[in-house]
Amino acid sequence: MFNKTAGRRAVLAGAAAAFVAPGIVRAEDAYPSRLIKFIVPYTPAGATDNLSRIDMAKVSELLGQQIVIDNRAAGGSGRVGTRQVAHGTAPDGYTILLGYTSTLATGPSLFRNAGYDPRKDFAPIGLIASAPALLLVHPSFPARNVKELIAIMKGSSEPFQLGTPGTGTVNYLAAVLFAQQAGVKVQYIPYKGSNALNTDLIGGHVKVGFNPIPVSRAALESGLIRALAGTSLKRSTAFPDLPTVAESGLPGFDAVLTYGLVAPAGTPRAIIERLNQELNAALATDEVKRRLHQEGAEPMPTTPEEHAVVIDREETKWSTLIKSIGLQPE
């Protein structure tokens, strides 16, 4: 039999709960309620920093909250700033990190103690973009395409000289991958940076090299160097008529830089989803697309799960290559 007193109490309790519940706001429900710090573990005004900034102004606008960029370039090829986010920040969504190929894919194999696990210590938010490099030659070099280049390399009595940015960079590893897949012997000429390599390509001091699009664009447009191919699976939007290495005789060749957002592991899922939503919305705008294309990059909207797959795949790919050539960690 229904107890009227007990029933009345239950109704009153339910009404009170209905009244109080809307006032109980979880931190992730109110997110973001204060400024967000975006850690870029590289120097200001460099290519990586410039590209990472393109999207964040729009993300800030969409979130309705300020995003402050904090460059932490205290050595270690991005390792220090990345480690600080992995182990020194709260997983509350108010500190996010630029996750980059050099920190999440190659760094763990190039340093004896990176101090973080790219799979376990971060919550992927989403990719920003990917950026191919270019296979470049001096205008006087006789090869007009990748197949002709490989034939010249194979016909050389000595290891063929190939210029790259510094040892261990992704463009250096792209050259290693190229040599392995083409079956050619190469003498790598590592430069202190992309600008130095660009200068020597223009001067003809090195005839062939791999270098990023932004540093190469002006020389290409002036006819001071030539591009034989791009290093991504699909053609670059910046150079739609330029074939890829993959379609020029080395199927599956893919060597790109990837840029994405990650948060410390344990960041609430609701916050990850909100950041992913606004990141992808920003990437869909014509303004952001145009600016990324100017930097030679391709917008890469993804889910957090897709981003996690890319992190895993890239680390596996580059660590396997690094071990195969016996490149010793520092």
Side-chain angles (χ1 to χ4, degrees), residues 36 38-63 67-69 71 78 96-105 124-136 165 169-171 174 194-195 198 210-221 227 229-246 254-262 275-304 306-307 309-311 313-314:
I36 299 167
F38 176 41
I39 307 299
V40 177
Y42 296 94
T43 55
T48 302
D49 179 68
N50 290 341
L51 193 146
S52 68
R53 289 172 181 262
I54 290 172
D55 198 47
M56 298 315 292
K58 194 65 178 178
V59 173
S60 174
E61 177 186 324
L62 293 169
L63 283 170
I67 297 178
V68 176
I69 297 178
N71 292 94
I96 57 178
L97 171 75
L98 175 69
Y100 178 56
T101 302
S102 294
T103 52
L104 300 185
I125 295 168
L127 286 173
I128 298 171
S130 67
L134 299 175
L135 174 54
L136 302 158
T169 64
V170 173
N171 287 316
S194 298
N195 287 320
N198 193 53
F210 284 85
N211 230 7
I213 290 175
V215 73
S216 308
R217 190 190 293 270
L220 283 167
E221 292 174 349
T231 64
S232 51
L233 286 174
K234 296 181 179 180
R235 293 191 181 193
S236 167
T237 302
F239 297 94
D241 297 325
L242 182 68
T244 66
V245 173
D254 186 29
V256 299
L257 293 169
T258 58
Y259 305 79
L261 297 184
V262 298
L275 288 167
N276 176 262
Q277 174 187 331
E278 306 305 358
L279 171 62
N280 288 340
L283 290 172
T285 64
D286 291 339
E287 175 191 358
V288 170
K289 287 180 182 178
R290 177 181 58 79
R291 294 186 63 194
L292 286 173
H293 290 153
Q294 286 176 342
E295 292 293 323
E298 305 294 330
M300 293 288 289
T302 59
T303 65
E306 289 168 339
H307 188 192
V309 169
V310 171
I311 290 172
R313 183 179 68 227
E314 290 287 287

Nearest 0.5 angstrom please: [X] [atom1] to [Y] [atom2], how far?
{"X": "I39", "Y": "L98", "atom1": "CD1", "atom2": "CG", "value": "10.5 Å"}
{"X": "L233", "Y": "T244", "atom1": "CG", "atom2": "OG1", "value": "7.0 Å"}
{"X": "L62", "Y": "L279", "atom1": "CG", "atom2": "CG", "value": "10.0 Å"}
{"X": "N276", "Y": "L127", "atom1": "CG", "atom2": "CG", "value": "10.0 Å"}
{"X": "E314", "Y": "T101", "atom1": "CD", "atom2": "OG1", "value": "5.5 Å"}
{"X": "I128", "Y": "M300", "atom1": "CD1", "atom2": "CE", "value": "12.0 Å"}

By ring-ring contact (aromatic ring centres under 6.0 Å, His included), F38 pairs with (sequence neighbours left out) none

Taken in chain and number order and not counting sequence neighbours, the residues that satisfy ring-ring contact (aromatic ring centres under 6.0 Å, His included) with F210 are F178

Are side-chain heavy atoms of [X] and [Y] found at a separation under 4.5 Å?
{"X": "T231", "Y": "N171", "answer": "no"}
{"X": "I213", "Y": "P132", "answer": "yes"}
{"X": "T303", "Y": "N280", "answer": "no"}
{"X": "P41", "Y": "L97", "answer": "yes"}

Okay, side chain of [X], backbone of [Y]: is any donor-acceptor separation there less than 3.5 Å?
{"X": "N211", "Y": "P165", "result": "no"}
{"X": "S130", "Y": "T258", "result": "no"}
{"X": "T103", "Y": "G99", "result": "no"}

Contacts of E278 meeting salt bridge (charged side-chain N to carboxylate O under 4.0 Å, His left out) (sequence neighbours excluded), chain-then-number -> R274

- request: Evaluate side-chain contact (heavy atoms from CB on, under 4.5 Å) for I36 paired with L63, printing each intermediate quantity in order.
  value: CA-CA 10 Å; I36 299 167; L63 283 170; 3.8 Å; yes

Considering non-hydrogen atoms only, spot the tightest contact between [X] and [Y] and give its length.
{"X": "A227", "Y": "L220", "result": "N-CD2, 3.6 Å"}
{"X": "L292", "Y": "P299", "result": "CD1-CG, 3.8 Å"}
{"X": "H293", "Y": "R217", "result": "O-NH2, 3.5 Å"}

Residues passing the side chain to side chain contact (heavy atoms under 4.5 Å, CB included) test with A219, sequence neighbours excluded, are N198, I202, L224, I225

Which word best sums up how the rings of Y100 and Y42 line up, parallel for under 30°, tilted for 30 to 60°, or perpendicular for over 60°? perpendicular

Please tabulate, for the side chains in residues 49-59, all donor-acceptor contacts under 3.5 angstrom to protein atoms that are two or more places apart in sequence or on a different chain.
unit_1	atom_1	unit_2	atom_2	d
D49	OD1	R53	NE	3.2
D49	OD1	N71	ND2	2.8
D49	OD2	A45	N	2.9
D49	OD2	R53	NE	2.7
N50	ND2	A45	O	3.3
N50	ND2	G46	O	3.3
S52	OG	T48	O	3.4
S52	OG	D49	O	2.8
R53	NH2	N71	OD1	3.1
K58	NZ	E61	OE2	3.2

Between T302 and V309, is the side-chain contact (heavy atoms from CB on, under 4.5 Å) condition met? List the steps. CA-CA 10 Å; T302 59; V309 169; over 6 Å; no

Do any side-chain atoms of residues 236-243 form donor-acceptor pairs under 3.5 angstrom with protein atoms, and if so which ones, sequence neighbours left out?
unit_1	atom_1	unit_2	atom_2	d
S236	OG	A238	N	3.1
T237	OG1	E298	OE1	2.7
T237	OG1	E298	OE2	3.2

